[in-house]
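Here the structure comes first, spelled out in structure tokens, and everything after it is commentary.
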Amino acid sequence: MRYAEVSVNSPIAQRRTFSYTIPSGLSIGVGQAVWVPFGDKLLQGIVLELTDYPAVDETREIAAIIEPYPLLSPSQVLLAHWISQHYLSPVFDAVALMLPPGFERKVVTFICPTSHEGDAPSLTQRQRNVLELVRRQGKVTLRELEKALGTRQARLVTSQLIGQGLVVKSYELEKVKVRPKKVPYLSLAVEAGKARQEAARLREQGKAIKQASLLDFLSQASKPMPLAEARQRVNCAKAVADALVNKGLVVLQPIEVKREPISYQGITPSYPLTLIPAQESAFKSIKSSLLQVAKGYPPPVFLLHGVTGSGKTEIYLQALAEAVRLGKRGIVLVPEIALTPQTIERFASRFPHKVAVLHSKLSLGEQFDEWQRIRDGESDVVVGSRSAIFAPQPDLGLIVIDEEHEWTYKQQDSPHYHARQVAIKLAELTGAVVILGSATPDVETFYHAQMGDYRLLELPERVTPSEGSPMPQVEVVDLRQELKAGNRSLFSRSLSLATAKAVASGEQVILFLNRRGAATFIQCRSCGFVLGCKHCEVALTYHFAEDALICHQCNYRMPVPQICPRCLSRRIKFLGIGTQKLEQETSYTFPQARLLRWDSDVTKRRYSHQEILGKFRAHDADILIGTQMIAKGLDLPLVTLVGVVNADTGLNLPDFRAGERTFQLLSQVAGRAGRGILGGKVIIQTYSPEHYAIQAASKHDYASFYDKEIDYRRQLRNPPFTQLVRLTYSHTNDALCQREAERMKRLLIEERDSKGIADLSLIGPAPAFIHRLRGRYRWQLILRGSELHSFLSPIPIPQGWTVDIDPVGLV
Ligand code: ADP
Ligand code: ZN
Ligand code: ZN
């Protein structure tokens, strides 16, 4: 094998690889990172294939190896090819998903001695000095020589030495910069006795009592105290510490602490629970499949369908243990937001010191360390968010995707991959069993299970560790009736009463607001009617700029009506309120309750999810107000009431998955209540109480939701019965954008007709849901058909377009 097919890190490379000659003496393997000449540059590349013949007549030589060992495993190389083909993304984009964090770092050029030992007599003194230095040190960076000799001299001398075969250049990636983590510590600047005197003096004067307490506290401590801990123990603000610093009584200094994504301190080992019968039978199927796969049978995909609290995680844990027993390892994906210390602890306590975590909130240094640990085979279980599917986990035997219906498993930029699809492909390539877990499986996933592509395992009930916590009771409140009764508040009479009662009994309440899509559609407040497109059965979206309602599928437009077309009421309004408004009205309605707001505005900071949750769990607040985030898997035993302020906002998004999304959210929200011994109640406020998604969610009835939904999908020829692709064009000029989208449509229709493809339709072009984003207008075209990536693959798609295969949301 004298040639290598290399995926090159250049935007020009697109979906191609390039042929290079392997210089003699260089041993190169598939998956290895190399430097290759590309145009007049030296670029990073990954070897994807070794061949006897190049794909082109003239090839250049690979310049050097970047890392001595392959960075991608053979199955990852195949996976990268598949991602590039399936999602029509540049090969290097796909490859880059699997490279160690921070791979695209600066290159460091080294000068190293060759095996040629003799001393060429013709060397100048300067050349001789450099040669000696290089031989003595083994390798010297070019930068060092440049500093010592000046750039020109250094380059001249080294190229002369290279010419004589005495030294060679080699390239290495700059080390990942790991910034040490520092935490502020407090300590006394004076003797403990003096500090106590000072504290007593302050107390006598009746001034600065907090300062006195802090001084007393620090005078008892034998070593510096983390500021956060001291503040908590004394219950004081940072200003108190600052005041003492200014008086010269204490010092505040940053101290370096050890960084470890998982702190095993305080985590006690846990042991497998005795499974209840439903768990037992599900586990048996998984266990026997793991054994079968070990004997060479093809691995199955399981869909583990069970409500929150039905014991899915316990099954994941035992299945992972089984895989480990068979000499295999696992990857567990959870939605980023569920990657809490509690979640990690559940895995870490079952597999002490054998769990790695990967997610975007880790620093680059932490990610890099974890990546290395995983690659070296030190973790039996990798727990992480979406991209953890690309962890270099050796001996992969089991992949778990918890909450498999979550939309965050789809990456929104190139490559637009879906972690579930990728996991299933990877499992096929490596012979791993897949478990998809959910209380509300994605309709497409459930369809596959129904068709026998996946194996369905059901956990019909909660494990109910304590008597009397079945699924919560759900009440659906018709907001039209509230208006008729003269109630214009955001709180229906029922929700208002229940909230007051819960707060008075010392219980906790969650108020949930689905803000997505708010204020983008209009609805009649008398009859609940939402204006939809005549052609597409999706809600029309209001555009401020044009003051018009627009269909985001077909571009149909109409002015905003003054009266409701159905009931002729004038109370036709834009819907949508924010969490801040809700917070205001809540504090006004329940002045005695302590409120806590949780939405993305408040949680931009790292760990603040944890802080907010911690506060709520510690009962520092009575009512938690928030958006989607609230819906995720949290265990809050004091919560007895969950109120959904307006269930309709998500329903009216111009997307065929709006019903599914609403059902999933309401089910998750409903699952929040009643997890403690107190039981719970859910109140859903809506203008469309008869909607099947709301009906089914209120009865915890996945089956009836699925039956309706799959029927609609079949009738309207939506996935899983067809495949969709979204093509989006963006440009600063709106008219140009529209013209390009129309041109593309004509081109695609020509292609389709010339190939005689019958089942391919084009919808649009229409403005994207977010028509203008960061100063650029966006127009989109939707393709509906089958095998669309094969159809699109040979078609040249100009710059400015993005292609999203199997988009999860059309908005
Ligand atoms: P899910 O992942 O479906 O939400 P979990 O596995 O977290 O469910 O289980 C819910 C609760 O029930 C957890 O506190 C868990 O420890 C407990 N649990 C799960 N299985 C059992 C069992 N077989 N026996 C006793 N408790 C269990
Ligand atoms: Zn009306
Ligand atoms: Zn339309």
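When a ligand or atom number is given, it counts from 1 through the structure's own listing order.
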What do you reckon, does V463 have a nitrogen or oxygen under 3.5 Å from a nitrogen or oxygen of ligand 1?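 In fact, backbone or side chain, V463 has no N or O that close.
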
Does ligand 1 come near enough to T274 that some N or O of the ligand is less than 3.5 Å from an N or O of the residue?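 The answer is yes, given that T274 and ligand 1 share an N or O pair closer than 3.5 Å.
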
For F302 and L436, what are the C-alpha separation, side-chain angles and deciding distance, and is it a side-chain contact (heavy atoms from CB on, under 4.5 Å)? CA-CA 6 Å; F302 289 101; L436 308 174; over 6 Å; no

Using the ring centroid of each side chain, check whether Y447 and Y454 are separated by less than 6.0 Å.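 No, ring centres 6.0 Å or more apart.
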
Please work out which of P277, G309, P272 has its closest non-hydrogen atom nearest to atom 4 (O) of ligand 1.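 That would be G309.
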
Measure from atom 7 (O) of ligand 1 to every heavy atom in K312, E314, R346 and give the option owning the shortest one.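 Looking at heavy atoms only, R346 sits closest to atom 7 (O) of ligand 1.
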
Could you tell me if the side chain of V682 sits less than 4.5 Å from the side chain of F512, heavy atoms only?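 The answer is no, as the side chains (C-beta and beyond) never meet within the 4.5 Å cut-off.
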
Do I435 and I399 touch side chain to side chain, with heavy atoms closer than 4.5 Å?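 When only atoms from C-beta onward are counted, I399 and I435 do not touch, as no gap falls below 4.5 Å.
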
Determine whether any heavy atom of [X] lies closer than 4.0 Å to an atom of ligand 1.
X    : value
G306 : no
L317 : no
R462 : no

Would you say the side-chain atoms of E314 pair up with the backbone N or O of Q279, donor to acceptor, closer than 3.5 Å?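 Flag not set: sc E314 to bb Q279 has no pair under 3.5 Å.
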
Does one side chain, of T408 or E336, offer a donor that lies under 3.5 Å from an acceptor on the other?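 Their side chains do not contain a donor-acceptor pair, so the 3.5 Å distance test is not met.
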
Contacting atoms of ligand 1, where contact means under 4.0 angstrom from a heavy atom of I276: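 Once the distances to I276 are compared, the set is 23 (N).
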
Which atoms of ligand 1 have any heavy atom of V307 under 4.0 Å away?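 Reading through ligand 1 atom by atom, the close ones are 3 (O).
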
Give a yes or no on whether a salt bridge exists between E345 and R350, defined as a side-chain N under 4.0 angstrom from a carboxylate O.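 R350 and E345: not salt-bridged.
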
Salt bridge or not for K410 and D804, using N-O below 4.0 Å?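 A salt bridge is present here (some side-chain N lies under 4.0 Å from a carboxylate O).
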
What part of Q318, side chain from CB on, backbone N/CA/C/O, both or neither, has a heavy atom under 4.0 Å from ligand 1?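 Looking at Q318 and ligand 1, no heavy atom falls under 4.0 Å.
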
Is I315 touching ligand 1 with its side chain, its backbone, both, or neither, if touching means heavy atoms under 4.0 Å apart?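 Neither part.
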
